[in-house]
*Asks:* 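Once you've had a glance at the structure underneath, I'll fire off some questions.
Note that this is a predicted model, so its numbers are computed, not measured.
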Amino acid sequence: MTEEIEQIQIAENIFFYSENIPLEFLSLSDRKELKVFYDSNSEIKFSNSFRLALYKMFFCLKVKKSKTGSRSYYFIKLKRLLAVADILRGLSARKSSVRIYEYCLNIAIKNKLDWAIIKSSRQLYTHAAYFESNIKKANRINKIFEEAKKKNDLEIECEKAFIFIAYHFTKSKEHTLKIKQELELNFEHLDSIPNIDRSILFNRYLRFIGIMNFEVKNDIGGLIDYLAIQVKNIKSCGVDLPSDLNMTYKYLCEYSLRIEKYSLFDKYYSDGISLVKKRSGSWFRYRELLALQKLRQLKFIEAQDILLNLINTRSFTVLQHLQKRRIELKLLYVSLILIISDKRIKKSKSVLNKYNDYFQSMPEYRTDKKAMNISLIIFQLIYYVWKKDYEMLDLRFEAVDKYLRRYTKSSPLFRSHSFIRILLTLKRYNFITKGAERNYVRYLENLQSMPFKSSPHPGEIEIIFYEDLIESINSYLSYDRKSKTG
């Protein structure tokens, strides 16, 4: 125990009485925030209060296994211990550093933390071979090092493939045939690497590459089978990986809804939500997906109950902005459809009144590179049809026209393009359904020719199936006209 205290004291001394830090070592973006700790502008010497804050953050941050998970806990612990070991080695306190490296190596092997295996085994190999002249021990340690290094090299290879694919498919949106072929080749090659040679991070990168590979082919059934295998691999890897398991279950839920496999969704939803803490971001996501399932099954009252429960939960306010907007938009859709269907009118109208900003915003193409505003624009169109506010409808149809000409003609959004054309036809015929139906029949046929579950349409842009929306709108307009003439 005395030796451990001495080791920490040595680390403290190095930390507190290190040389001054030259100005160019700090990023320009950080200098403003750190200015309070500067002694001068030319050469930075952190005040003791700042050094103490950094020291506490690194050495004294309390981390609990129960809250962070064992891998995160040991990741932080090993970072701390290896930093102390490196300092001690630099001070020629070799034996003390070796004890820490040995301790770290055992933890790293148990938790499959390859970076820590590489770092600690290198130092232990040198110590065994040079200082102890124990070649047998050195070779045993070197074997551990080589295995971890092989995994690390493959991880870097997979990381490069991941970066290339992530850039082209999520940033530049460049989906050329050449890039698609390269994606397929990368996936086939990396997926053929034996599990024993894969690191945990390798598998995370590969899952993303696999998802993109099946997405590009629009093979959602194959993707679900692939992800189901990933669940088995995560469970059998010998290390507790709740975040990987949770993320994979969420993907399985999303893609099960995409191809309308509701029994599969129920299974993966039950498995996934049992892993997460109630009222966490993931818990909200699972509940949101459950509401989406109810919307797709036309169980509107159940969907509304779930969504109302979510927005009335205290922790809803601290969710990320995009997640809150998704939940709110789903709630607006189901509330409007309930009103049009003459159900739960009072409760649904109070929801619409609460979120007035959704009706006022005017989405623009140039600020919406991913076409996520399509679902909002469609909601606004249906809302103003219900309100019979033809002036606002004209303004919204101007925005829609930009989407029709610039974006939604693309294949992935073919269904949205066809549905918006149907709404435009209804407006042209002053919302008289009999006249409009004869003229929008070709757009309806377009919708029917590409069912949602076989289309490459982004999963959550179409919140309620367009065929069901058309039926609800036509029923509402026909009933409204009959009541006027009656």
Side-chain angles (χ1 to χ4, degrees), residues 1-22 25 46 51-52 54-63 65 68 70-159 194 196-202 237-240:
M1 186 66 183
T2 305
E3 285 185 16
E4 290 179 4
I5 292 171
E6 288 175 358
Q7 291 164 10
I8 296 297
Q9 285 174 344
I10 291 169
E12 284 183 8
N13 290 337
I14 296 298
F15 202 92
F16 280 110
Y17 304 110
S18 57
E19 294 180 2
N20 296 349
I21 303 173
F25 276 42
F46 292 124
R51 287 183 174 181
L52 182 62
L54 287 177
Y55 170 78
K56 284 182 176 178
M57 182 175 69
F58 188 79
F59 289 104
C60 302
L61 178 67
K62 291 183 179 179
V63 182
K65 270 192 206 179
T68 61
S70 61
R71 271 180 60 81
S72 298
Y73 170 80
Y74 285 119
F75 178 90
I76 295 167
K77 184 172 184 175
L78 288 174
K79 283 287 184 184
R80 290 171 170 170
L81 287 169
L82 288 170
V84 173
D86 288 344
I87 292 168
L88 291 169
R89 184 170 55 85
L91 291 170
S92 299
R94 183 171 45 81
K95 288 186 178 180
S96 295
S97 68
V98 165
R99 287 181 63 188
I100 297 174
Y101 286 129
E102 287 174 339
Y103 178 64
C104 289
L105 180 60
N106 290 330
I107 294 174
I109 291 171
K110 186 178 178 181
N111 291 277
K112 297 188 178 182
L113 293 163
D114 295 303
W115 62 271
I117 294 173
I118 291 170
K119 188 173 181 63
S120 53
S121 61
R122 278 188 67 189
Q123 301 304 327
L124 291 171
Y125 171 77
T126 302
H127 177 75
Y130 182 73
F131 292 101
E132 293 183 338
S133 300
N134 189 338
I135 298 302
K136 190 175 181 180
K137 181 180 178 182
N139 288 337
R140 189 170 66 251
I141 294 170
N142 186 58
K143 185 181 178 183
I144 294 169
F145 168 78
E146 290 295 341
E147 288 173 355
K149 184 178 179 297
K150 183 180 180 181
K151 285 185 180 181
N152 189 65
D153 291 343
L154 288 170
E155 182 184 298
I156 291 169
E157 182 185 351
C158 193
E159 182 181 44
I196 196 170
D197 294 330
R198 300 181 185 184
S199 68
I200 288 166
L201 194 53
F202 176 100
C237 75
V239 179
D240 187 24

*Asks:* About how many Å separate NZ of K95 and NE2 of H127, when rounded to the nearest 0.5 Å?
*Replies:*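 So the NE2 of H127 and the NZ of K95 are separated by 7.5 Å.
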*Asks:* State which residues pass side-chain contact (heavy atoms from CB on, under 4.5 Å) with I135; sequence neighbours excluded, sorted by chain then number.
*Replies:*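 Applying side-chain contact (heavy atoms from CB on, under 4.5 Å) to I135 gives N139.
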*Asks:* Could you tell me if the side chain of L82 sits less than 4.5 Å from the side chain of W115, heavy atoms only?
*Replies:*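 Sidechains of L82 and W115: in contact.
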*Asks:* Taking all non-hydrogen atoms of both residues into account, name the closest pair between A85 and S97 and its distance.
*Replies:*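 The pair with the smallest heavy-atom distance is O-CB, 3.4 Å.
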*Asks:* When you look at F131 and R94, which way does the side-chain contact (heavy atoms from CB on, under 4.5 Å) test go after all the steps?
*Replies:* CA-CA 10 Å; F131 292 101; R94 183 171 45 81; 3.5 Å; yes
*Asks:* Minimum heavy-atom separation for L154 and D197, please, with both atom names.
*Replies:*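 Looking at all heavy atoms of both residues, the closest pair is CD1-O, 3.5 Å.
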*Asks:* Rounded to the nearest 0.5 Å, what's the gap from CD on E146 to CG on N152? Could you check?
*Replies:*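 Reported to 0.5 Å precision, the distance equals 11.5 Å.
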*Asks:* Does anything in residues 102-112 form a salt bridge (Lys or Arg N to Asp or Glu O under 4.0 Å)? List the pairs, not counting sequence neighbours.
*Replies:*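 Listed by first then second residue: E102-K137.
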*Asks:* Quick one: pull up CD1 in I117 and SG in C104 and give me the separation to the nearest 0.5 Å.
*Replies:*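 The CD1 atom of I117 sits 11.5 Å away from the SG atom of C104.
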*Asks:* Among residues at least two apart in sequence or on other chains, which ones pass side-chain hydrogen bond (donor to acceptor under 3.5 Å, both in side chains) with E159?
*Replies:*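 side-chain hydrogen bond (donor to acceptor under 3.5 Å, both in side chains) list for E159, sorted by chain: Y205.
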*Asks:* Which residues pass the side-chain contact (heavy atoms from CB on, under 4.5 Å) test with F145, sequence neighbours left out?
*Replies:*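 F145 satisfies side-chain contact (heavy atoms from CB on, under 4.5 Å) with I118, S121, R122, N142, K149 once adjacent residues are dropped.
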*Asks:* Against I109, only a single residue in L105, L113, I107 fulfils side-chain contact (heavy atoms from CB on, under 4.5 Å); can you say which?
*Replies:*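 So, applying the side-chain contact (heavy atoms from CB on, under 4.5 Å) to I109 and each of L105, L113, I107, only L105 qualifies.
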*Asks:* Mind checking side-chain hydrogen bond (donor to acceptor under 3.5 Å, both in side chains) for K143 and listing every partner two or more places apart, or none if nothing turns up?
*Replies:*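 With neighbours one apart ignored, the set is empty.
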*Asks:* Could you grab the distance from atom CG of N111 to atom CD1 of I200, nearest 0.5 Å is fine?
*Replies:*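 That separation rounds to 8.5 Å.
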*Asks:* Check whether the side chains of K77 and Y103 place a donor and an acceptor atom closer than 3.5 Å, and report yes or no.
*Replies:*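 Yes, a side-chain donor-acceptor pair sits under 3.5 Å.
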*Asks:* Scan residues 83-92 for pairs that pass salt bridge (Lys or Arg N to Asp or Glu O under 4.0 Å), counting only residues two or more places apart or in two chains.
*Replies:*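 Every salt bridge (Lys or Arg N to Asp or Glu O under 4.0 Å) pair that includes a residue of residues 83-92, provided the two are not neighbours, is D86-R89, D86-K119.
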*Asks:* CG of L201 to CD1 of I156: how many Å apart, nearest 0.5 Å?
*Replies:*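 Here the rounded value is 10.0 Å.
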*Asks:* Take L78 and R80 through the side-chain contact (heavy atoms from CB on, under 4.5 Å) test and state the conclusion after the steps.
*Replies:* CA-CA 5 Å; L78 288 174; R80 290 171 170 170; over 6 Å; no
*Asks:* Could you give the distance from CD1 (I100) to OG (S120), rounded to the nearest 0.5 Å?
*Replies:*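 Answer rounded to 0.5 Å: 11.5 Å.
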